[in-house]
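Excluded from the calculations below are hydrogen atoms, water molecules and symmetry mates; all remaining heavy atoms, backbone and side chain alike, are included. Note on naming: letters A, B, ... go to the chains in the order of the sequence lines (proteins, then strands), and numbering restarts at 1 for each one.
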Amino acid sequence: MKPSIPKGTRDFTPLETARRKYIFDTIRSAFELYGFEAIETPAMENLSTLTGKYGDEGDRLIFKILNSGDFLKDIREKDLSVDFPNDWVPFISEKALRYDLTVPFARFVAMNRNSIPFPFKRYQIQPVWRADRPQRGRYREFWQCDADVVGSPSLLNEAELIQIYDEVFSNFKLPVKILINNRKILAGIAEVIGKPDQLIDITVAIDKLDKIGVEKVMEELQNKGFDTETISKLQPVFDLKGNNEHKLAFLSSYLHSSETGKLGIEELRQVLDFFEGDNKLNLRDSSIEVDITLARGLNYYTGTILEVKAAEIDFGSIGGGGRYDDLTGIFGLPDVPGVGISFGADRIYDVLLMQGLFPQSAITSTEVLIANFSTADQRYALGLLQTLRQSGIRTEIYPEFAKLKKQFDYAEKKNIPYLLIYGEGERQNRIAEIKELSSGKQISIDISEIADFKKQFK
RNA sequence: GUGGCCAUAGCUCAGUCGGUUAGAGCGCUAGUUUGUGGAUCUAGAGGUCGUGGGUUCGAUCCCCAUUGGCCACCCCA
């Protein structure tokens, strides 16, 4: 048969896997540096846990798992007047692949409320699945790296999460823009123009400003039934430019009649204050930019909204997050606020690759290959092999008596920097030959000093 | 879910206005070199031209369907 894998999924070669490990390790150590603990949840959840949490569009993109056994039995017992297939779903599927890490985490918190400390700081690095149509930067199986704090309304958490973004992307040598907004500001805007109930329509439209331009956004609002007068009230929002302070000043006057809006401004200001003035937190390579067109994740976010984009390349969002007042309530644990961020590992991979930012150290595996010529050589070389490994040097021996050229080729393909030659002649002289492939430099070294051979190449 | 482009060797792609043995580069194998690579040269292996059907004396080429890939919209990491 012809081998293939499902649409939107990928195999990873050793090189790709090493690079991905570099990404995960970098993110993981930042999470741990900031006091987050790892958890894991199952690849599949009960379908009822997931449905209704991501909006209609989200529900459609959930991968559902067919029940085992004679799952059509229940349907036969009903009547078949229901329409296939959507009405059948409750009968034929009760499990689904997780769609993100946040909702399973909320479920986890509700279930384990008595055994975890609050505020609970957890991180989670696992794959998620979406039945989306794949395209550039979009896969059906991809990995998210989430860090969330639940049980604390403090905006200090926001500041720390922003610092984590800065920490990680600075370590990647990838300058980023951290966009920030507040859901309450968006709600305030909807109030001010007299359409508090159409918050979603408004924000979805505003969100597209930089993509499709003012005119198309207005057109879309008209199609949604907004009258000209209402749209004109939004005009100042469309036109807003300038630095963060300027934007906040504008919002203060624009939203002065909305209590919710003013609250949003205050929250936003407090978060930004952590990074200004005396005793401020410093960001290394990132900038924070207030962006009131940032809407994302309207399903459960209620306060701060964050999104990260590479500063020098347009590749969509490579991370996002926000605050939610009550994500666990629906699982029976009310009044637990939370805030979290997510890194899109697969998009970060693509961006780092395009920018040439993967360090060589991320892809080196074996350091020394011992060439193998004969049964006798091989037996004696095993001692060296063991010595090198016990010294922590990643070493392998070529398992067959092949031509030296072939062994060189093997070392090159595996990116092994050193080839060690230890044949009969060397053995009698108690030495080994070690060649650095990149430079061609070759040394002889007494085998008693073999573990320190790298000094000879510096 | 909607729309567009594409599918020829392991990879990147030529090609045939429908006609006999479908090509190149790279890669691979072997030799040049029975323990010192990356170069050169030589030889070789490798393709049911995505799959199914149709038109035709004849289809890799034209038509239809299907599958897969890419891209845009929607949405999103």
Side-chain angles (χ1 to χ4, degrees), chain A residues 1-10 13 23 27 54-62 85-86 99-102 125-146 200 204-205 207-208 211-212 216 220 294-299 306-310 315-321 340-351 369-374 376-378 381 398 401-427 432-444:
Chain A
M1 70 179 284
K2 198 174 180 179
S4 66
I5 55 176
K7 184 191 293 196
T9 65
R10 297 153 297 162
T13 62
I23 291 175
I27 294 171
Y54 309 106
D56 292 342
E57 181 70 13
D59 282 354
R60 195 170 61 74
L61 298 179
I62 294 172
N86 282 338
Y99 178 88
D100 73 353
L101 300 178
T102 307
I125 298 178
Q126 291 191 276
V128 303
W129 295 268
R130 294 184 188 176
D132 214 344
R133 199 176 279 210
Q135 50 182 276
R136 175 184 160 93
R138 173 181 298 185
Y139 309 99
R140 287 186 148 182
E141 177 184 67
F142 62 98
W143 285 61
Q144 288 190 329
C145 313
D146 277 26
I200 291 182
V204 165
D207 192 45
K208 293 179 188 166
K211 247 189 200 170
I212 62 176
K216 295 257 177 163
E220 189 167 321
L294 178 61
R296 76 191 309 282
L298 282 163
N299 332 300
L306 293 168
E307 182 159 302
V308 182
K309 290 182 171 174
F315 200 74
S317 152
I318 53 178
I341 55 170
S342 179
F343 289 82
D346 301 84
R347 284 192 181 170
I348 291 170
Y349 181 99
D350 292 341
V351 171
L369 174 70
I370 299 181
N372 194 350
F373 304 113
S374 70
D377 293 332
Q378 172 179 292
Y398 199 84
F401 317 137
K403 286 184 181 176
L404 198 54
K405 172 176 165 48
K406 199 167 180 181
Q407 304 194 40
F408 265 109
D409 286 346
Y410 175 78
E412 226 163 59
K413 273 182 196 156
K414 277 194 75 172
N415 227 334
I416 298 172
Y418 299 103
L419 182 75
L420 187 152
I421 295 167
Y422 186 63
E424 192 180 345
E426 287 82 5
R427 197 163 71 240
E433 301 285 327
I434 300 184
K435 185 161 184 171
E436 184 175 52
L437 271 67
S438 60
S439 63
K441 181 182 176 187
Q442 180 165 327
I443 57 148
S444 298

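- B:G44 sits 40 Å from B:G54 when the P atoms are compared, rounded to a whole Å.
- Taking atom P on both nucleotides, B:C49 is separated from B:U60 by 6 Å, rounded to a whole Å.
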What are the atom names and distances for every N/O pair under 3.5 Å that joins the protein to nucleotides 43-46 of chain B?
none

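- Qualifying salt bridge (charged side-chain N to carboxylate O under 4.0 Å, His left out) partners for A:Glu220, counting only residues two or more places apart in sequence or in other chains: A:Lys208, A:Lys224.
- Between the P atom of B:C76 and the OH atom of A:Tyr54 lies a distance of 13 Å, rounded to the nearest Å.
- B:G35 atom C1' lies 12 Å from atom NZ of A:Lys435, rounded to whole Å.
- Ring geometry for A:Tyr99 versus A:Tyr54: interplanar angle of 30 to 60°, hence tilted.
- When the P atom is compared between B:C28 and B:C64, the two are found 42 Å apart, to the nearest whole Å.
- As rounded to whole Å, 7 Å separates atom P of B:U36 from atom CG of A:Leu404.
- A stacked arrangement is not assigned to A:Phe343 and the six-membered base ring of B:A77, the conditions of a centre distance below 5.5 Å and an interplanar angle below 30° not being jointly met.
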Please tabulate, one pair per line, each protein N/O and nucleotide N/O from nucleotides 31-34 of chain B that are separated by under 3.5 Å, including the distance.
residue: B:G31; atom: OP1; partner: A:Lys403; partner atom: NZ; Å: 2.7
residue: B:G31; atom: OP2; partner: A:Lys403; partner atom: NZ; Å: 2.7

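- Partners of A:Arg138 by salt bridge (charged side-chain N to carboxylate O under 4.0 Å, His left out), not counting sequence neighbours, listed by chain and number: A:Asp132.
- Comment: A:Arg427 does not engage A:Glu424 in a salt bridge, judged by the lack of any side-chain N to carboxylate O separation of less than 4.0 angstrom.
- Separation of the P atoms belonging to B:C61 and B:A7 is 12 Å when rounded to the nearest angstrom.
- In this view, A:Asn415 and A:Gln360, A:Ile363 satisfy the side-chain contact (heavy atoms from CB on, under 4.5 Å) rule, not counting sequence neighbours.
- Salt bridge absent: A:Lys413 and A:Asp409 never bring a charged side-chain N and a carboxylate O closer than 4.0 Å.
- Here the separation of B:C74 from B:U29, taken at their P atoms, is 49 Å to the nearest Å.
- Between the C1' atoms of B:C11 and B:G69, the separation comes to 16 Å (whole Å).
- Taking atom CG on A:Asp207 and atom P on B:A77, their separation rounds to 11 Å, with Å as the unit.
- Remark: C1' of B:U36 and CD of A:Glu424 are 17 Å apart, rounded to the nearest angstrom.
- With sequence neighbours excluded, the residues satisfying side-chain contact (heavy atoms from CB on, under 4.5 Å) with A:Ala345 are A:Ile23, A:Phe24, A:Trp143, A:Cys145.
- Nearest heavy atom pair, residue A:Arg10 against residue A:Ile5, reads CA-CD1, 3.7 Å.
- Rounded to whole Å, the distance from CG on A:Asp346 to C1' on B:A77 is 8 Å.
- Under the stacking definition used here (centres under 5.5 Å, planes under 30°), the residue A:Phe408 fails to qualify as stacked on the base of B:G38.
- A gap of 23 Å separates the C1' atoms of B:C17 and B:A24, to the nearest Å.
- A sub-4.0 Å separation between OP1 or OP2 of B:G35 and a side-chain N or O of A:Lys406 is absent.
- Atom pair A:Asp59:CG and B:C76:C1' shows a separation of 15 Å (rounding to whole Å applied).
- For the side-chain contact (heavy atoms from CB on, under 4.5 Å) test, residues two or more places apart in sequence or in another chain that qualify with A:Ser439 are A:Glu436, A:Lys441.
- Every residue two or more places apart in sequence or in another chain was checked for a side-chain hydrogen bond (donor to acceptor under 3.5 Å, both in side chains) with A:Lys7, and none qualifies.
- Distance noted for atom P between B:A9 and B:A22: 14 Å (whole Å).
- Under the side-chain hydrogen bond (donor to acceptor under 3.5 Å, both in side chains) criterion, A:Ser374 pairs with A:Asp377, sequence neighbours left out.
- Partners of A:Thr9 under the side-chain hydrogen bond (donor to acceptor under 3.5 Å, both in side chains) rule, at least two apart in sequence or in another chain, do not exist in this structure.
- Scanning atom types as modelled, no donor and acceptor separated by under 3.5 angstrom connect the side chain of A:Glu433 and the base of B:U36.
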### Query
In B/S/- notation, 5' to 3', how is nucleotides 70-75 of chain B contacted by protein heavy atoms closer than 4.0 Å?
-SBBBB
### Message
Please convert RNA chain B into dot-bracket. A pair counts if it is Watson-Crick or G-U wobble with both distances under 3.5 Å; crossing pairs go in [ ] and bases paired with another strand get |.
### Response
(((((((..((((.....[...)))).((((.........)))).....(((((..]....))))))))))))....
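- The interatomic distance linking A:Leu294 (CG) with B:C76 (C1') rounds to 13 Å, in whole Å.
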